Amino acid sequence: MEMTETEALKRMESYCSTAEHCRAEIVEKLQRMGVNHDAVERIVNRLITERYIDEERFCRAFVNDKYRFAKWGKYKIGKALQQKEIPSSVYRTSLDEVDEEEYLAILRNLLAAKRKSIRAKSEYELKGKLVRFALSRGFEMKDIRCCIDVSDENDYTE
């Protein structure tokens with residue numbers, strides 16, 4: 001059954017009013033619904049005009065959720081936003097708005113929790129595992145260094 005453009009628009013207005021979504025998500029959803037290309041463009045443009053879709057607002061919400069609740073680092077968040085076709089100028093602004101103290105506190109807590117579950121023969125091995133863990137979560141090395149004292153890792157020769 002073919003969906004009319006008006007029905008698709010109403011559905012997307014409802015969908016966008018329940019949570020933040022970006023342009024790419026809406027386009028993909030409309031295409032899966034079988035809406036033709038021209039109608040997709042008209043619907044998306046109308047949703048943007050009526051502020052159902054706002055990429056900056058989406059970015060702020062996405063960044064906030066991912067670092068506070070999923071405990072992702074800025075690098076991983078940036079990559080996820082790139083995949084959602086958000087321009088880097090938009091997402092960099094949102095990432096720069098992250099409270100640095102809160103961000104580092106989240107990383108410290110994450111590392112402290114992980115430290116309890118790591119088995120290591122030396123301090124050097126422990127720090128290596130913690131660094132790899134933090135990198136896999138998308139945190140940058142400069143932030144990891146702030147939270148782990150890596151300066152003395154060269155003291156071990158094991």
Side-chain angles (χ1 to χ4, degrees), residues 1-118 128-148 150:
M1 184 183 111
E2 191 70 21
M3 183 181 293
T4 68
E5 190 171 328
T6 310
E7 289 172 328
L9 176 64
K10 292 293 172 213
R11 224 180 204 181
M12 288 301 102
E13 285 173 348
S14 173
Y15 181 63
C16 290
S17 63
T18 59
E20 290 296 337
H21 296 283
C22 66
R23 185 182 201 287
E25 289 173 339
I26 301 304
V27 168
E28 183 184 328
K29 191 158 185 76
L30 286 167
Q31 287 170 343
R32 279 198 317 258
M33 290 164 59
V35 178
N36 75 48
H37 180 72
D38 294 337
V40 167
E41 282 306 308
R42 286 192 297 274
I43 291 169
V44 168
N45 289 336
R46 178 127 178 231
L47 291 170
I48 290 170
T49 304
E50 295 177 7
R51 307 234 333 122
Y52 282 99
I53 301 174
D54 181 332
E55 303 240 301
E56 287 180 23
R57 193 176 62 212
F58 169 78
C59 254
R60 277 192 301 277
F62 188 88
V63 167
N64 197 24
D65 287 354
K66 292 302 176 194
Y67 92 87
R68 280 207 173 114
F69 303 115
K71 306 208 183 323
W72 285 9
K74 290 180 182 179
Y75 183 78
K76 187 171 183 173
I77 296 169
K79 284 294 177 198
L81 289 167
Q82 270 181 349
Q83 288 180 326
K84 292 185 178 293
E85 300 172 21
I86 306 288
S88 65
S89 58
V90 175
Y91 74 77
R92 290 213 188 287
T93 306
S94 296
L95 286 172
D96 290 343
E97 291 171 1
V98 169
D99 178 74
E100 203 63 26
E101 285 303 308
E102 184 182 1
Y103 181 72
L104 291 175
I106 286 171
L107 176 56
R108 275 188 207 98
N109 292 338
L110 208 56
L111 290 170
K114 184 68 178 172
R115 178 171 290 205
K116 292 174 186 168
S117 69
I118 291 180
K129 288 181 177 186
L130 286 172
V131 167
R132 281 192 297 282
F133 168 73
L135 287 171
S136 75
R137 281 304 194 78
F139 289 92
E140 298 168 71
M141 200 60 200
K142 67 178 178 61
D143 296 327
I144 298 168
R145 277 198 191 100
C146 279
C147 298
I148 300 177
V150 202

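These figures come from a predicted structure and were not determined experimentally.
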Problem - Close side-chain approach of Leu9 and Leu47, heavy atoms under 4.5 Å - result: yes

Handout entry: Main-chain N/O of Cys22 paired to Glu25 side chain as donor or acceptor, under 3.5 Å
Key = yes

Fill in the blank from the handout: Nearest heavy-atom contact between Ile144 and Phe139 is CD1-O, 3.8 Å

Problem - Closest non-hydrogen atom pair, Leu107 against Asp143 - result: CD2-O, 3.6 Å

Problem - Other residues, nucleotides, ligands: >12 heavy atoms within 6.0 Å of Tyr103 OH - result: yes

Problem - For the student: nearest non-hydrogen atoms of Leu81 and Phe58, plus distance - result: CD2-CE2, 3.9 Å

Completion exercise
Of all heavy-atom pairs linking Ser136 and Lys76, the shortest is O-NZ, 4.1 Å

Exercise for the section: Could you tell me how the ring of His21 sits relative to the ring of Tyr15: parallel (under 30°), tilted (30 to 60°) or perpendicular (over 60°)? Expected result: parallel

Exercise for the section: Taking Thr49 for its side chain and Asn45 for its backbone only, find out whether a donor-acceptor pair lies under 3.5 Å. Expected result: yes

Practice task
Give a yes or no answer on whether the side chain of Arg57 reaches the backbone of Glu20 with a donor-acceptor pair at less than 3.5 Å.
Solution key: no

Practice task
In plain terms, say whether Lys10 and Glu13 are close enough for a salt bridge, that is, a side-chain N and a carboxylate O under 4.0 Å apart.
Solution key: yes

Exercise for the section: Taking Glu55 for its side chain and Arg23 for its backbone only, find out whether a donor-acceptor pair lies under 3.5 Å. Expected result: yes

Problem - Leu30 to Ala8 - nearest heavy-atom pair and separation - result: CD2-CB, 4.0 Å

Handout entry: Option among Lys71, Arg108, Arg68 that satisfies the salt bridge (charged side-chain N to carboxylate O under 4.0 Å, His left out) test with Glu102
Key = Arg68

Exercise for the section: Using a cut-off of 6.0 Å, state whether more than 12 heavy atoms not belonging to Glu56 lie near its atom CD. Expected result: no

Handout entry: Candidates Glu85, Lys84, Lys79 - the one meeting side-chain hydrogen bond (donor to acceptor under 3.5 Å, both in side chains) with Gln82
Key = Lys79

